[in-house]
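Just the heavy atoms: all of them, side chains too, but no hydrogens, waters or symmetry mates, feed the values below. Proteins come first, then strands; the chains are lettered A, B, ... in the order of their sequence lines, and each starts at number 1.
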Amino acid sequence: MNQPRPLKIYNSLSGKKEIFTPITPGYVGMYVCGPTVYSDVHLGNCRTFTSFDVIYRYLLHLGYKVRYVRNITDVGHLTDDGEDRMAKGAKVAQLEPMEVAQRYTVGFRDMMRIFNTLPPSIEPIATGHIPEQIAMVQQILDNGLGYESNGSVYFNVPKFAEQYKDVYGSVSGRILDDLYNETRELKSQEEKRHPADFAIWMKARPEDLMIWESPWSTGFPGWHLECSAMSTKYLGKNFDIHGGGNDLKFPHHENEVAQNHGACGCHPANYWLHTNMLLLNSKKMSKSDGNTITPEQLFTGDSPFVSKSYSPMALRFFMLQAHYRSTLDITDDALLAAEKGYRKVMETNKLLQNMPITAVSSSTETDTDRAILACIESAFEGMDDDFNTAIAIASVNDLGTYIHKLANQQLDGSEISPWVLERAKAAINDLIINVFGLTDDTASGGDDKAINGLMDLVLQLRANARTNKDWGTSDQIRDALNAAGIVVKDGKEGSTWSIGA
RNA sequence: GGUUUCUUGGCCGAGCGGUUAGGCACAGGUCUGCAAAACCUGCUACAGCAGUUCGAAUCUGCUAGAAACCUCCA
């Protein structure tokens, strides 16, 4: 632990930022609601899981030992017409439900890798935890908070609200009385005693494909339940952080909390974090109404919404420029700007890492030293303040200015103390690579021996031409490289190159 | 209809009562054989109205517009 610095986290339960205090010092249990794998991941998922990836990474950076659990839901998610999402997907594609789940689970994991998110510590699958879910239904029944109706089991929300004052509604701010009239008519409505009640076990109809035996009927678990059962199994009855998209607050998280109370008698998580939506055309991205763009379309540029292709890392940077609790609107202009900003940050870091550290150590701290240290401090303060990546990036940019000045010799090398430069190298690299999770997708100089050798030769030939004032040859080389997507940058110390538009 | 949230300069986007956020774009300059890159300078905004305060983008109220949830969604 290198963590005396207090971390502030916005808790949806209180509606304000709170100092984060883990249940067990040094350890963090974090559960994030994962995807329902019935079709391809969409970008909104990517933003949510990228946000939690940065949160996970920052907790690791702070020295916490984190158990990060993110589920895969492959059953129990009903559509409007009461059909299971998996089964519906299976029927459409004439596949086994598990084939559907498998295909999209693999696709999801691939996409997470493309966005360079770290895999969770545990990625439990709903259908792999049917016994745990059945046991939880039984516990809820034993505690008198559920009732069986025609083979299905429902959670008794009014009774729960009476027994646990001020719990139902604590996540979403919903008021139970309002729910009486609001809940819309569903097929199984008549089996419920109260409109706000929700199924924790559903009796199967003849056409249902994904079914299991239970004490009540052959059927399947309700949505919500898998998260309660699996978070309890892997993180305990009470753990530190529970996360998910904003749109899961109600009913999913509200019901999850109710189930945990109903089964275990206590609140599952101390801190509830909700990420905000990714917008397209100023509206929430949504598959159902077609207002959507897939990650692949962004990577290829094949969409009416964008003018060109964008790399996964440019997208990741784009997301990081906004705070996770703010909505973020996708526009071509914004992506263009983010892409340039991303390249700049990566170039700056490369410049910094390659900067030689002079042996001479000045005894006094210079103004530049202080300014650079202030940038570093401000970057981490930003992260400490509810994971404010926007502020952290701004601070990195501020620091970058000094690095460039130093590289251009607009600032004398003696202006920065060796230990400060060393600190900057470590801190900025840690921030950009380990915390932001950005990789250099331009694959420019440094990695490939063959390309580097080739480029050294080409640039040497060009340097010779320039020495001879053979501008024709010099420019021919530069233009040809440019056409090949390689940018040559002439500096005082010679020329460097990088790949990128 | 109910609940909640949002409205920041050409664009994106921080901000949580008193500071230049930052990026992109644009204009001028330095450097350069010319460019590019980098650096410097400029552009300095908070939907509207009223109020609280020595002081408000930040707090309160009203008005206008937008969004999310209430129904599957990250």
Side-chain angles (χ1 to χ4, degrees), chain A residues 15-17 32-36 38-39 41-52 77-81 83 85 88 169 172-175 177-179 181-186 223 243-252 274-279 282-289 317-318 321-323 325-342 344-345 347-348 351 378 382 385 388-398 400-405 407-411 466 469-471 474-475 478-479 482 487-492 495-496 498:
Chain A
K16 47 178 95 117
K17 288 180 193 168
V32 173
C33 288
T36 303
Y38 63 98
S39 69
V41 240
H42 74 250
L43 256 191
N45 289 280
C46 297
R47 149 104 122 154
T48 293
F49 300 130
T50 297
S51 296
F52 282 108
H77 225 150
L78 300 183
T79 59
D80 286 353
D81 47 16
E83 195 166 14
R85 283 198 179 283
K88 185 171 186 179
S172 63
R174 209 119 316 213
I175 295 157
D177 288 341
D178 296 343
L179 260 29
N181 306 316
E182 288 171 9
T183 310
R184 121 233 254 211
E185 296 299 311
L186 278 175
W223 180 38
N246 220 187
D247 49 359
L248 292 181
K249 274 186 184 170
F250 191 89
H252 186 241
H274 291 98
T275 58
N276 218 134
M277 299 294 104
L278 197 55
L279 309 181
S282 301
K283 293 234 178 75
K284 179 179 163 180
M285 292 189 78
S286 161
K287 271 184 288 203
S288 51
D289 63 15
F317 186 83
F318 169 68
Q321 276 188 310
H323 186 87
R325 277 192 291 114
S326 300
T327 54
L328 175 60
D329 201 355
I330 288 196
T331 62
D332 196 49
D333 284 345
L335 289 172
L336 232 28
E339 182 182 55
K340 292 200 177 184
Y342 157 69
K344 189 171 177 179
V345 164
E347 283 298 314
T348 299
L351 203 56
S378 140
D385 188 7
N388 197 323
T389 48
I391 285 183
I393 288 173
S395 304
V396 169
N397 276 315
D398 285 339
T401 300
Y402 291 99
I403 300 309
H404 281 291
K405 278 188 194 174
N408 291 348
Q409 298 173 349
Q410 286 166 319
L411 203 58
R466 295 182 73 204
K469 297 199 191 305
D470 178 2
W471 310 127
S474 160
D475 289 351
R478 185 175 65 196
D479 294 346
N482 241 316
V487 181
V488 178
K489 298 168 193 170
D490 296 332
K492 285 215 164 67
S495 303
T496 57
S498 61

Side chain of A:Ala322, heavy atoms from C-beta onward: which of B:A36, B:A74, B:G13 has the nearest atom to it?
B:G13

Please state whether the base of B:C34 and the side chain of A:Arg478 form at least one donor-acceptor pair under 3.5 Å?
yes

Would you mind reading off the distance between A:Lys16 atom NZ and B:U4 atom P, rounded to a whole angstrom?
16 Å

Rounded P spacing from B:A57 to B:A50 in Å:
14 Å

Out of B:C70, B:G13, B:A74, which nucleotide sits closest to the side chain of A:Pro251?
B:C70

Contact class for A:Gly44 (heavy atom, under 4.0 Å): base, sugar-phosphate, or nothing?
base

Looking only at N and O atoms, is any donor in the side chain of A:Asp490 or the base of B:A37 less than 3.5 Å from an acceptor on the other one?
no

Would you indicate which nucleotide in B:G13, B:C39, B:G33 comes nearest to any side-chain atom of A:Gln410?
B:C39

Mapping A:His404 and A:Lys17 onto RNA chain B by nearest heavy atom, which one lands closer to the 5' end?
A:Lys17

Can you tell me how far apart NE2 (A:His42) and CG (A:Asn45) are? Round to the nearest 0.5 Å.
5.0 Å

Would you tell me whether A:Asn276 and A:Ser326 have side-chain atoms, one donor and one acceptor, within less than 3.5 Å of each other?
no

Taking only side-chain N and O atoms of A:Lys340, does any of them lie within less than 4.0 angstrom of OP1 or OP2 on B:A25?
yes

Tell me, please, which residues at least two apart from A:Lys489 pass side chain to side chain contact (heavy atoms under 4.5 Å, CB included).
A:Glu347, A:Val487, A:Thr496, A:Ser498

Once you round it to whole Å, what is the distance between P of B:G2 and NZ of A:Lys249?
20 Å

Determine the contact category for A:Ala334: base if any of its heavy atoms lies under 4.0 Å from a base atom, sugar-phosphate if only primed atoms, P, OP1 or OP2 are that close, otherwise nothing.
sugar-phosphate

Within the 4.0 Å heavy-atom criterion, would you say A:His252 contacts the bases, only the backbone, or no part of the nucleic acid?
nothing

Which one, B:A14, B:G22, B:U32, comes nearest to the side chain of A:Gln321?
B:G22

Rounded to the nearest Å, what distance is computed from the CG atom of residue A:Asp329 to the C1' atom of nucleotide B:C6?
13 Å

Roughly how many Å apart are B:A25 and B:U52, using the C1' atom of each and rounding to a whole number?
39 Å

Counting only Watson-Crick pairs (N1-N3 plus N6-O4 or O6-N4) and G-U wobbles (N1-O2, O6-N3), all under 3.5 Å, who is the partner of B:G61?
B:C49

Within the distance-only criterion (no hydrogens, no angle test), does the side chain of A:Asn408 pair as donor or acceptor with the backbone N or O of A:Gln410 below 3.5 angstrom?
no

Can you tell me the Watson-Crick or wobble partner of B:G55, both distances under 3.5 angstrom?
none

Which nucleotide, B:C12, B:A14, B:A36, lies nearest any side-chain atom of A:Ala390?
B:A14

With no hydrogens and no angle check, just 3.5 Å: does a side-chain donor-acceptor pair link A:His404 and A:Thr348?
yes

Heavy atoms under 4.0 Å, any strand shown: does A:Lys405 hit a base, just sugar-phosphate, or nothing?
sugar-phosphate

Nucleotide forming a Watson-Crick or wobble pair with B:G22, both distances under 3.5 Å:
B:C12

Hey, does the side chain of A:Ser395 come within less than 4.0 Å of B:G22's phosphate (OP1/OP2), counting only N and O?
no

Closer than 4.0 Å, any side-chain N/O of A:Lys344 to the OP1 or OP2 of B:G22?
no

Are A:Ser495 and A:Asp490 close enough that a side-chain donor and a side-chain acceptor fall under 3.5 Å?
yes

Residue A:Phe250, side-chain heavy atoms: nucleotide from B:G23, B:C39, B:C70 that is nearest:
B:C70

Considering Watson-Crick and G-U wobble pairs with both distances under 3.5 Å, what does B:G17 pair with?
none

B:A74 base to A:His274 side chain: any donor-acceptor pair below 3.5 Å?
no

Rounding to 0.5 Å, atoms NZ (A:Lys344) and CZ (A:Phe317) come to a distance of 10.0 Å

Taking a pair to mean Watson-Crick or G-U wobble geometry with both distances below 3.5 Å, B:U3 pairs with B:A68

Using the rule for Phe, Tyr, His and the six-membered ring of Trp, do A:Phe49 and B:A74 stack at under 5.5 Å and under 30°?
no

How far does the C1' atom of B:G48 sit from the matching atom of B:A14, given to the nearest Å?
24 Å

Give the rounded distance in Å between these two atoms: CG of A:Asn397 and P of B:A38.
11 Å

Between B:G18 and B:G23, how far apart are the P atoms? Round to whole Å, please.
22 Å

Taking the same atom, P, in B:A21 and in B:U53, what whole-Å distance lies between them?
27 Å

When we call it a touch if two heavy atoms are under 4.0 Å apart, what does A:Thr401 touch: a base, just sugar-phosphate, or nothing?
sugar-phosphate

C1' atom, B:U20 versus B:U44: distance in rounded Å?
9 Å

Report which part of the nucleic acid A:Leu43 touches: base, sugar-phosphate, or nothing (heavy-atom distance under 4.0 Å, all strands).
nothing

Under 4.0 Å between a side-chain N/O of A:Lys283 and OP1 or OP2 of B:A67, yes or no?
yes

Separation of B:G22 atom P from A:Ile393 atom CD1, nearest Å, is 14 Å

What nucleic acid atoms does A:Ser474 come within less than 4.0 Å of, heavy atoms only: base, sugar-phosphate, or nothing?
base

Residue closer to the 5' end of RNA chain B, A:Met277 versus A:Leu336 (nearest nucleotide):
A:Leu336

Rounded off to whole Å, could you give me the CG-to-P distance for the A:Asp247 and B:A67 pair?
17 Å

For residues A:Thr275 and A:Thr48, is any side-chain donor paired with an opposing acceptor at under 3.5 Å?
yes

To the nearest angstrom, how far is A:Asp475 atom CG from B:C34 atom P?
11 Å

Say you pick atom P in B:U4 and the same atom in B:G61; how far apart are they, in whole Å?
12 Å

Check against side-chain contact (heavy atoms from CB on, under 4.5 Å), A:His323 and A:Ile391:
CA-CA 9 Å; A:His323 186 87; A:Ile391 285 183; over 6 Å; no

Base paired to B:G33 (Watson-Crick or G-U; both N/O distances under 3.5 angstrom)
none

Where the side chain of A:Arg174 is concerned, which of B:A14, B:A74, B:G2 is the nearest nucleotide?
B:G2

Could you work out the separation of B:C43 and B:G28 based on their C1' atoms and round it to a whole Å?
11 Å

Rounded off to whole Å, could you give me the NZ-to-C1' distance for the A:Lys284 and B:A74 pair?
8 Å

Distance below 4.0 Å between A:Asn388 side-chain N/O and B:G15 OP1 or OP2
yes

